[in-house]
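Encoded as structure tokens, the structure appears first; notes follow it.
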Amino acid sequence: MQERLKELQAEALAKVEKASDLKELNEIRVAYLGKKGPITEVLKGMGKLSAEERPVMGALANEVRDSISSAIESKHKHLEEAAIQQKLASESIDVTLPGRPVKIGNHHPLTRIIEEIEDLFIGMGYAIAEGPEVEKDYYNFEALNLPKGHPARDMQDSFYITEEILLRTHTSPVQARTMEKHQGKGPVKIICPGKVYRRDNDDATHSHQFMQIEGLVVDENIRMSDLKGTLEVFAKKMFGEDREIRLRPSFFPFTEPSVEMDISCKICGGNGCSVCKGTGWIEILGAGMVHPNVLEMAGFDSKKYTGFAFGMGPERIAMLKYGIDDIRHFYTNDIRFLKQFSVTE
Ligand code: FA5
């Protein structure tokens, strides 16, 4: 019996030593230490032994069982460790592999030009003001010296929602609203970017929906020369120090005197070409000194306060700056067009 136990011990330890995975090791444990295993079988025969032999055999059987079980335990730890190491090795990340590029979108060219214009005016101490796109006839026209039936309303064909409410045709109503909020006290120094709507037929330079940026300064002693100086700074910063500006007399019911500002044509350097229609100049905005009626309607004393205002179309400015030949490119979402303004590619 003793020999049989020693044999079983040697056999089991050899198998444990050779076991190559946890499954095999578990099979060895069941085979040698389980209830139906050979060691249990040997122990069952102990009843036939004499009283002196029994404790000796019992101690030996326990020793054999303990040695096999501790061998299994240490092999188990070893195999487990090896399995972890193998898993780690198979899952390791090669940090030298180039990553998958993340597609980054870019700002729309109009957003870029508007932000550029905003930054420029914020740098000159202007605040940003906003107003509703669905506007009252009062702010869009009446408060701007354009009473009902005034022929100059035809300059801006409108989308009416009711008799009194329309889609604003320009950003000038924000002027009227802002002045009203100031309750007759200057200074006011704002720009108002936003969408506007007109019943214009779409073509290369006209859209039924487009953006405008309005500027307004009201204070004591504001003069035409302040307007000219401001517009000159804007034009040179936007288009280059070598650009000239000129102010031409014009008409807007809400400004007196009114002007339109042209900048010298970048393409021909002022000599005349097809873009500037042979004149050497390109019109970019309307402006003027705020009409006394507009100041008074908003609650300002027109004897004490004066002001200037201007309104520009950022699409036309972006077209000039980036050499874009058709305003419709801004609104048709052609990815090939938009991608050209990516800062990442
Ligand atoms: C106005 O809308 C005046 N409110 C501007 C103004 C403000 C004058 C303050 C005086 C004082 P006008 O209709 O000219 O003016 O439009 C201003 C600019 O909007 C134009 O110079 C042009 O750049 C742009 N614009 C006008 N109509 C369209 C259109 N259909 N599509 C795209 N841009 C347009």
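One is the number of the first residue; the rest follow in order along the sequence. Remember, it's 1-based here, ligands and their atoms both numbered in the order they're listed.
For His291 (side chain) and Phe252 (main-chain N/O), no donor-acceptor pair under 3.5 Å exists by modelled atom type. In terms of modelled atom types and a separation under 3.5 Å, the side chain of His182 and the main chain of Thr178 share a donor-acceptor contact. At least one donor-acceptor pair under 3.5 Å links the side chain of Asn140 to the backbone N or O of Thr169. Checking side-chain atoms of Lys189 against main-chain N and O of Leu216 turns up no donor-acceptor pair under 3.5 Å.
For the ligand labelled ligand 1, residue Phe308 lies outside the 4.0 Å heavy-atom shell. Contact annotation: Gln175 has at least one heavy atom less than 4.0 Å from an atom of ligand 1.
Contact annotation: for His206 versus ligand 1, heavy atoms closer than 4.0 Å belong to both the backbone and the side chain. Of the heavy atoms in Thr171, none comes closer than 4.0 Å to ligand 1. At a 4.0 Å heavy-atom cut-off, ligand 1 does not touch Thr169 at all. At a heavy-atom cutoff of 4.0 Å, ligand 1 is contacted by the backbone of Ala287 but not by its side chain. Proximity of His208 to ligand 1, defined as any heavy-atom pair under 4.0 Å, is not found for any part of the residue. Residue-level proximity to ligand 1 for Ser172 is carried by the side chain, the only part with a heavy atom below 4.0 angstrom. By the criterion of a heavy-atom distance under 4.0 Å, the backbone of Phe310, and not its side chain, is placed next to ligand 1.
In the candidate list His291, Met261, Arg198, Arg198 is nearest to atom 1 (C) of ligand 1, counting heavy atoms.
Less than 4.0 angstrom separates some heavy atom of Ala309 from each of these atoms of ligand 1: 9 (C), 11 (C). Interface of Gln212 with ligand 1, defined as ligand atoms under 4.0 Å from a residue heavy atom, comprises 1 (C), 2 (O), 16 (O), 17 (C), 18 (C), 19 (O). Residue Thr205 approaches ligand 1 through these ligand atoms, each under 4.0 Å from one of its heavy atoms: 31 (N), 32 (C). Heavy-atom contacts of Ile327 reach the following atoms of ligand 1: 32 (C) (cutoff under 4.0 Å). Those atoms of ligand 1 with a heavy atom of Glu214 less than 4.0 angstrom away are 7 (C), 9 (C). The atoms of ligand 1 that sit less than 4.0 Å from any heavy atom of Gly286 are 6 (C), 8 (C), 10 (C). Taking a cut-off of under 4.0 Å to the non-hydrogen atoms of Glu283, the atoms of ligand 1 that pass are 21 (O).
No N or O atom of Thr255 sits closer than 3.5 Å to an N or O atom of ligand 1.
Residues Glu11 and Tyr32 have side chains that bring a donor and an acceptor to within less than 3.5 angstrom of each other. For the residue pair Asp200 / Ser207, no side-chain donor-acceptor distance below 3.5 Å is found, with atom types taken as modelled. Under the 3.5 Å distance criterion, with hydrogens and angles disregarded, no donor-acceptor pair is assigned to the side chains of Glu164 and Tyr138. A donor-acceptor contact closer than 3.5 angstrom links the side chains of Asp202 and His208. No side-chain donor-acceptor contact under 3.5 Å links Asp334 and Thr332.
For Arg328 and Asp326, the salt-bridge test passes: some basic side-chain N is under 4.0 Å from an acidic carboxylate O. Salt-bridge check for Lys6 with Glu3: failed, with every basic side-chain N at 4.0 Å or more from each acidic carboxylate O.
Aromatic pair Tyr322/Phe341: ring centres closer than 6.0 Å.
Just one of Met261, Met312, Arg316 meets the side-chain contact (heavy atoms from CB on, under 4.5 Å) condition when paired with Ile284; it is Met261.
In this structure, Tyr126 and Phe121 have perpendicular ring planes: the angle between them is above 60°, well past the 30° mark.
Atom 15 (O) of ligand 1 has Phe252 CE2, 3.4 Å as its closest protein atom, hydrogens excluded (heavy atom only). Shortest contact from atom 5 (C) of ligand 1 to any protein heavy atom: Gly311 CA, 3.8 Å. When hydrogens are left out, the protein atom nearest atom 31 (N) of ligand 1 is Ser207 N, 3.0 Å; that is the closest non-hydrogen contact. For atom 30 (N) of ligand 1, the nearest non-hydrogen atom of the protein is Asp200 OD2, 2.7 Å. The shortest contact between atom 22 (C) of ligand 1 and any protein heavy atom is with Arg316 NH1, 3.3 Å. Distance from atom 33 (N) of ligand 1 to its nearest protein heavy atom, with residue and atom name: Phe210 CD1, 3.3 Å. For atom 3 (C) of ligand 1, the closest non-hydrogen atom of the protein is Phe254 CZ, 3.8 Å.
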For this session: Mind running side-chain contact (heavy atoms from CB on, under 4.5 Å) on Arg168 and Thr171 for me, showing each step along the way?
Result: CA-CA 7 Å; Arg168 67 180 177 192; Thr171 40; 4.2 Å; yes
